[in-house]
Enquirer: 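One structure coming up, written as structure tokens, with questions to follow.
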2 protein chains.
Amino acid sequence: MAKSKKTAEGSEGGGAEQRRLQMVDIARLAGVSVSTVSRALNGSDLVNAETRQRVADLARSLNYSINFGARNLRLQENKTVAVVVPFDAASRQHISDPFFLSIVGSIADALTDRGYDMLLSRVDAERLDLASHWFDSGKAIGVILIGQWRHHDQLNEMAARKLPLVVWGGEMPQQLYCSVGGDNVLGGLLATRHLLSLGRRRVAFIGDANLPEVWLRREGYVQALAEAGLTADPALELPAPFEPGVATGVVQGFCAARQDIDAVVCCSDVLALLTIQALRASGRSVPQDVAVVGYDDMPLAAYCDPPLTTVHQPVAEAGAELVEALLGQLRGERAGPRTMPVYLKLRQSAPQSGA
Amino acid sequence: MAKSKKTAEGSEGGGAEQRRLQMVDIARLAGVSVSTVSRALNGSDLVNAETRQRVADLARSLNYSINFGARNLRLQENKTVAVVVPFDAASRQHISDPFFLSIVGSIADALTDRGYDMLLSRVDAERLDLASHWFDSGKAIGVILIGQWRHHDQLNEMAARKLPLVVWGGEMPQQLYCSVGGDNVLGGLLATRHLLSLGRRRVAFIGDANLPEVWLRREGYVQALAEAGLTADPALELPAPFEPGVATGVVQGFCAARQDIDAVVCCSDVLALLTIQALRASGRSVPQDVAVVGYDDMPLAAYCDPPLTTVHQPVAEAGAELVEALLGQLRGERAGPRTMPVYLKLRQSAPQSGA
DNA sequence: ATGAAAGCGCTAACAG
DNA sequence: CTGTTAGCGCTTTCAT
């Protein structure tokens, strides 16, 4: 408000705490015009090598860095990508699932490697469409959304509006947006098939099939059951959400009620952990009485009690895939959804039959 | 490069996929000047209420959002904060410790609540000073750094350069920068005192005391030992880093070599997990033979094997504290370091004596 | 109550 | 090779 001092606060005094250095300053000091400084700093060969060096040195010694806001405005360019993590509005649960956090880290690396900045934010999982704000406002050139949640429809609509968008999640029929994700059907299949190979026959499935990824995993689950001549029993399915706060009670109730199950496929490692606790609370041991398979293979999965047998998701590669998909889209490429391989990591919660 | 089409691509055709809507567009459609649109959208009462409404409606129906780059440039203002997570250059370990990730989530919430954006990035832990780039380049109004690591000196220098900076970490003597952190001395004290109260006498300490936070925790460790009439035995201290990749081998070697220890204070929950694994590998049980206390109380600490007794850090409050400290600094307040209380969360890895 | 014009820090024609 | 000039999209005096 009250800061209209234009040119003042020069180089004389000792208290230049405030104004940020800009091109005109280094231009003056170097005795050239701002254009020359601009060119020099951008390594243009239109400027004398000696001058270029002098300007560069001066800039470095003064610790000058360019004002990207101005540069971007002028160039109509932007190197920022918005990464948006949905949160559960009801519980207002924070970003906390280790898997989502890992994906974010992976994206951060991929963006950094390519010279992009990452704007991280959260959005109400019921209003995924609000994520387009980052693009609309020019703050980001595109959006990477972590998870589809319950709003496939909103995502399709965003894609229809030509929002540069990539979503971590499963590939659904008639999908307009670009998704990148693990092979969920395969994951569900491998997990279930393994449990059946252990001789288990009452295999429960824990996860909210309203979410595309879970729906697909359930497809794999059903398919594996069919291979073994079994059909899915609705009584063995529990639509628990990913948020531990909400899931805990639900899972406890389920485990206490279903004393007949001998195996569980969980849709995240955190759910698997909760399930194991609930099973023990109801007097059963894991894996002896009930074998449990998790999903994600989070970094800590190997250090749980017992170490989790789980479906490994390709987190390390995920970041690069998501970023490449987005940049490809911006280059005008018509990138379709991408499904990445997953595999079953065997540990103690559902060990190899011999173990 | 090849996009100099100025005014064209108007309202006629059907293929207006490209150019982003701007004030001049809605001005034209509303039949007013851009100044009026600007004022209307900013709720200035200099504009006729009816006009203001009409403009607002039009903007909303067209899904217009303002270009913040331009706005910020004009207003010399910026609502973006850089959050920087150091990474280990040697191992190129990703952001992965659950504790750091939790802190980031907490900061994200705090910033969102206050209407700020968060730019997330990583920096080489040996060159923390590079984090100032976000400020220097005008991309962010300040920097929140997660952890002090080995470069207290660089942080002091950054603060001396008047960089708006807040660091998660411990309070060190002669510190020029603003830090916010848990009470590390107290944490170390509580952990050690508890183990001693269990009758343990050979208490190891695992953590790299070159890091200020660890150094302070060790102070508490030494203090608790002194209370019990003991002195720290250098042979019981292991300077293991936080990165699991590097730490694993070091911890295994230590546990195999030191068969005499009966308790361990670890400087993170992940280190505690690694330690427990290593102890078991060398034939000892936890907590019977060796009791283990972790640090952080990460979300999964309760679900490990065994559930971890650990020093609880105030993650949920941390975000707000860090953000407030930074904003205070920007308002010119001379905010000193802030130390937040911690407490010991008792679980099975070092249970209450009765258990 | 509204419009015209200037300018935030930078880049890119366009002249020299 | 270098300087002058115009303008990115917006806000804000200054005139109406």
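Scope of the values below: all heavy atoms of this structure, side chains included, with no hydrogens, waters or symmetry mates. Numbers restart at 1 for each chain; the letters A, B, ... are given by sequence-line order, proteins then strands.
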Enquirer: Taking for each residue the nucleotide of DNA chain C bearing the nearest heavy atom, is the 5' side occupied by B:Arg52 or by B:Ala70?
Expert: B:Arg52
Enquirer: Heavy atoms under 4.0 Å, any strand shown: does B:Thr36 hit a base, just sugar-phosphate, or nothing?
Expert: sugar-phosphate
Enquirer: In whole Å, what is the span from the CZ atom of A:Arg39 to the C1' atom of C:dG9?
Expert: 16 Å
Enquirer: Compare side-chain N and O positions of B:Tyr64 against OP1 and OP2 of D:dG9 and report whether any pair is under 4.0 Å apart.
Expert: no
Enquirer: Between D:dT11 atom P and A:Leu73 atom CG, what is the distance in whole Å?
Expert: 12 Å
Enquirer: Taking all heavy atoms of A:Val143 and all of A:Ala131, pick out the closest pair and write down the distance.
Expert: CG2-O, 3.5 Å
Enquirer: Does A:Gly69 or B:Val47 map to a spot on DNA chain C nearer the 5' end, using the closest nucleotide for each?
Expert: B:Val47
Enquirer: Distance check: side-chain N/O of A:Ser33 vs OP1/OP2 of D:dT4, anything under 4.0 Å?
Expert: no
Enquirer: Could you give the NZ-to-P distance, from B:Lys139 to C:dG9, as a whole number of Å?
Expert: 18 Å
Enquirer: Do the side-chain N and O atoms of A:Ser35 and A:Ser38 include a donor-acceptor pair separated by under 3.5 angstrom?
Expert: no
Enquirer: Ignoring hydrogens and geometry beyond distance, is the side chain of A:Ser35 in donor-acceptor contact with the base of D:dT4 at under 3.5 Å?
Expert: yes
Enquirer: Can you check whether B:Pro337's main-chain N or O pairs, donor with acceptor, with B:Glu171's side chain at less than 3.5 Å?
Expert: no
Enquirer: On a plain distance test, is the side chain of A:Ser38 in donor-acceptor contact with the base of C:dA12 below 3.5 Å?
Expert: no
Enquirer: Heavy atoms only, 4.0 Å cut-off, all strands: where does B:Leu75 land among base, sugar-phosphate and nothing?
Expert: sugar-phosphate
Enquirer: Whole Å only: how far is the CG atom of A:Asn72 from the P atom of D:dC10?
Expert: 15 Å
Enquirer: Counting the atoms with a prime plus P, OP1 and OP2 as sugar-phosphate, which does B:Asn42 contact under 4.0 Å by heavy atoms, base, sugar-phosphate, or nothing?
Expert: sugar-phosphate
Enquirer: One thing to verify: whether A:Asp25 and A:Arg28 come together as a salt bridge, which I'm taking to mean a side-chain N less than 4.0 angstrom from a carboxylate O.
Expert: yes
Enquirer: Rounded to whole angstrom units, what separation is found between the CD atom of A:Gln22 and the C1' atom of C:dG7?
Expert: 12 Å
Enquirer: For B:Asp25 and D:dG9, give me the distance from atom CG to atom P, rounded to whole Å.
Expert: 9 Å
Enquirer: Grab the CZ-C1' distance between B:Arg71 and D:dT11 for me, whole Å please.
Expert: 8 Å
Enquirer: Among D:dG3, C:dT11, C:dC8, which nucleotide sits nearest the side chain of B:Arg74?
Expert: C:dC8
Enquirer: Is it the case that the side chains of B:Ser132 and B:Arg161 hold a donor-acceptor pair, with the cut-off being a distance below 3.5 Å and no angle test?
Expert: yes
Enquirer: Write down the distance between CG (A:Asp45) and C1' (D:dC1), rounded to a whole number of angstrom.
Expert: 11 Å
Enquirer: Between A:Gln76 and D:dC8, does any side-chain N or O lie under 4.0 Å from OP1 or OP2?
Expert: no
